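Following: one structure in structure tokens, then a few remarks.
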Amino acid sequence: PEFKELATVLGNNLIALIKDTLLDLPENSKALIVSQDGVMSAAENIFKNKPYQKLEFSFKPLEGFVVDENLKMEPL
């Protein structure tokens, strides 16, 4: 239960960072945000409105997802 709460907080923090970065980017620019797999998995679940079940490691090294200016997430 404690880790579930922490993962949710960190996932939401990552989403907030993504949103802030997108707001501050100049037009036609890109940014790279690197995070820990568990945090990325939590953020991915939040984006997809999936309930958190357990820690999932779903990303291989140098993998992740792309979020566009409309906050649409796609696998990288």
Side-chain angles (χ1 to χ4, degrees):
E2 291 176 19
F3 186 79
K4 178 180 176 180
E5 293 170 7
L6 178 60
T8 301
V9 168
L10 295 175
N12 281 312
N13 288 348
L14 179 57
I15 290 171
L17 175 63
I18 292 167
K19 289 178 179 179
D20 290 345
T21 301
L22 287 171
L23 287 174
D24 292 337
L25 276 178
E27 194 172 328
N28 298 318
S29 295
K30 297 179 181 182
L32 173 67
I33 298 173
V34 178
S35 184
Q36 191 266 345
D37 186 58
V39 176
M40 290 175 57
S41 294
E44 180 183 37
N45 285 339
I46 292 166
F47 264 117
K48 293 179 176 180
N49 293 318
K50 287 176 49 179
Y52 182 88
Q53 298 296 324
K54 62 180 181 174
L55 177 61
E56 295 177 16
F57 293 98
S58 59
F59 298 99
K60 295 178 183 174
L62 301 179
E63 270 191 341
F65 48 82
V66 175
V67 180
D68 68 17
E69 62 274 358
N70 297 316
L71 299 179
K72 182 180 176 191
M73 186 192 78
E74 296 181 16
L76 182 63

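Note that this is a predicted model, so its numbers are computed, not measured.
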Nearest-0.5 Å distance, [atom1] of residue [X] to [atom2] of residue [Y]:
{"X": "Asp20", "Y": "Leu25", "atom1": "CG", "atom2": "CG", "value": "11.0 Å"}
{"X": "Leu23", "Y": "Ile18", "atom1": "CG", "atom2": "CD1", "value": "12.0 Å"}
{"X": "Leu22", "Y": "Ile33", "atom1": "CG", "atom2": "CD1", "value": "7.0 Å"}
{"X": "Leu17", "Y": "Leu10", "atom1": "CG", "atom2": "CG", "value": "12.0 Å"}
{"X": "Gln36", "Y": "Leu14", "atom1": "CD", "atom2": "CG", "value": "10.5 Å"}

**Report entry** Closest contact, heavy atoms only, Ala31 versus Thr21
**Finding:**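 It is CB-CG2, 3.6 Å.
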
Requested in this report: Return the minimal non-hydrogen interatomic distance between Gly11 and Ala43, and the atom names on each side.
Outcome: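 Where Gly11 meets Ala43 most closely, the heavy atoms are O-CB, 3.7 Å.
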
Just distance, no hydrogens or angles: give the donor-acceptor pairs under 3.5 Å from side chains in residues 62-76, sequence neighbours left out.
residue: Glu63; atom: OE1; partner: Lys60; partner atom: N; Å: 2.8
residue: Asp68; atom: OD1; partner: Asn70; partner atom: N; Å: 2.9
residue: Asp68; atom: OD1; partner: Leu71; partner atom: N; Å: 3.2
residue: Asp68; atom: OD1; partner: Lys72; partner atom: N; Å: 2.9

